[in-house]
Amino acid sequence: MPETKTDTVQIALVTGASRGIGKAIAKALARSGRFVYLNFNSNQKKAAAVLEDIISNGGDGALLQFDVRSQEASEKAIEKIIKEKGKIDILVNNAGIRDDMLMVWMKKGNWQNVLDTNLTGFFNVTRLIVKNMLPKRFGRIINISSTSGQIGQAGQVNYSASKAGLIGATKALAREIAKRNITVNAVAPGFIETEMVDGLPLEELAKTIPAGRLGKPEEVAATVLFLCSKDAGYITGQVIGINGGIL
Ligand code: NAP
């Protein structure tokens, strides 16, 4: 891409963009003209299919494999983006996992892996990007939390803790960098139709949701897209629920 175009085109990084919500966010950002780096951990085939779809619809982007649990791998990947494009305007911390069980049965590994991915992953990816955004005096950071982090969910002590931690981190970081025109917000989806809810009793769940149905990844992506816009520049440190009314 010519240098002049790179200067004007916004550069976005979406972690966990191979499937589900991250895929929908990456596609929405690309449709709106951003160059999107699609991060994934192991699912290269699915990530490549997302990129192919983006390119065939006139968008642009690149694949970027790294494990958000590793600070070294995350920072190496971010340095690569900065070397290639000189900046990152938009960061969507979306990569996440769940490993549900009652706390009495939970092993340290079940706790640690979820916290390492969902919360420490935020730190590993965000620190260096913020450092790059500060002198540019622009940035949009969106963290994908969860209703579980707002209300707590039985069977998800590890996941709820990670997602509540992400809300605290969002609010604190927002205060640190608001003056530099960098916004930091969280969205908190309820039950969204992705592979993450595979195996859950979906029909029963739908009955507990005021909207009477699960949400779609595109419905999360639409809010993220708005938070990335110029118009959303005065929204920071907020948590926006996308949950069909369950909270
Ligand atoms: P999903 O379909 O299971 O996709 C998870 C994504 O995260 C995949 O792209 C996966 O990459 C990536 N990922 C997992 N571990 C990673 C790691 N260590 N490093 C880099 N990438 C990693 O999940 P989803 O439902 O779209 O969820 C996306 C986010 O929304 C998560 O943070 C989740 O907690 C949150 N959320 C989901 C729901 C829901 O109902 N679905 C509700 C609230 C919040 P690979 O394909 O390479 O494995």
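For ligands, and for the atoms within them, numbers begin at 1 and follow the listed sequence.
Near ligand 1, residues Gly16, Ala17, Ser18, Arg19, Gly20, Ile21, Asn39, Phe40, Asn41, Ser42, Asn43, Phe66, Asp67, Val68, Arg69, Asn94, Ala95, Gly96, Ile97, Thr117, Ile144, Ser145, Ser146, Tyr159, Lys163, Pro189, Gly190, Phe191, Ile192, Thr194, Glu195, Met196, Val197 come within 4.0 angstrom through at least one heavy atom.
Through side-chain heavy atoms spaced under 4.5 Å, either directly or across other Ile, Leu, Val, Met, Phe, Trp or Tyr residues, Trp105 is tied to Leu102, Val104.
The nearest pair of heavy atoms linking Ile25 to Asn94 is CD1-OD1, 4.5 Å.
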_With side chain to side chain donor-acceptor pair (under 3.5 Å) as the criterion, how do Asn118 and Ser162 come out once you've worked through the C-alpha distance, each side chain's angles and the decisive distance to 0.1 Å?_
CA-CA 6 Å; Asn118 298 2; Ser162 71; 3.2 Å; yes
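In this structure, Thr120 OG1 and Leu166 CG are separated by 10.5 Å, a value rounded to the nearest 0.5 Å.
Of the N and O atoms on the side chains of Asn124 and Ser74, not one donor lies less than 3.5 Å from an acceptor on the other residue.
Classification of Lys131 and Glu75 as a salt-bridged pair fails, no side-chain N sitting under 4.0 Å from a carboxylate O.
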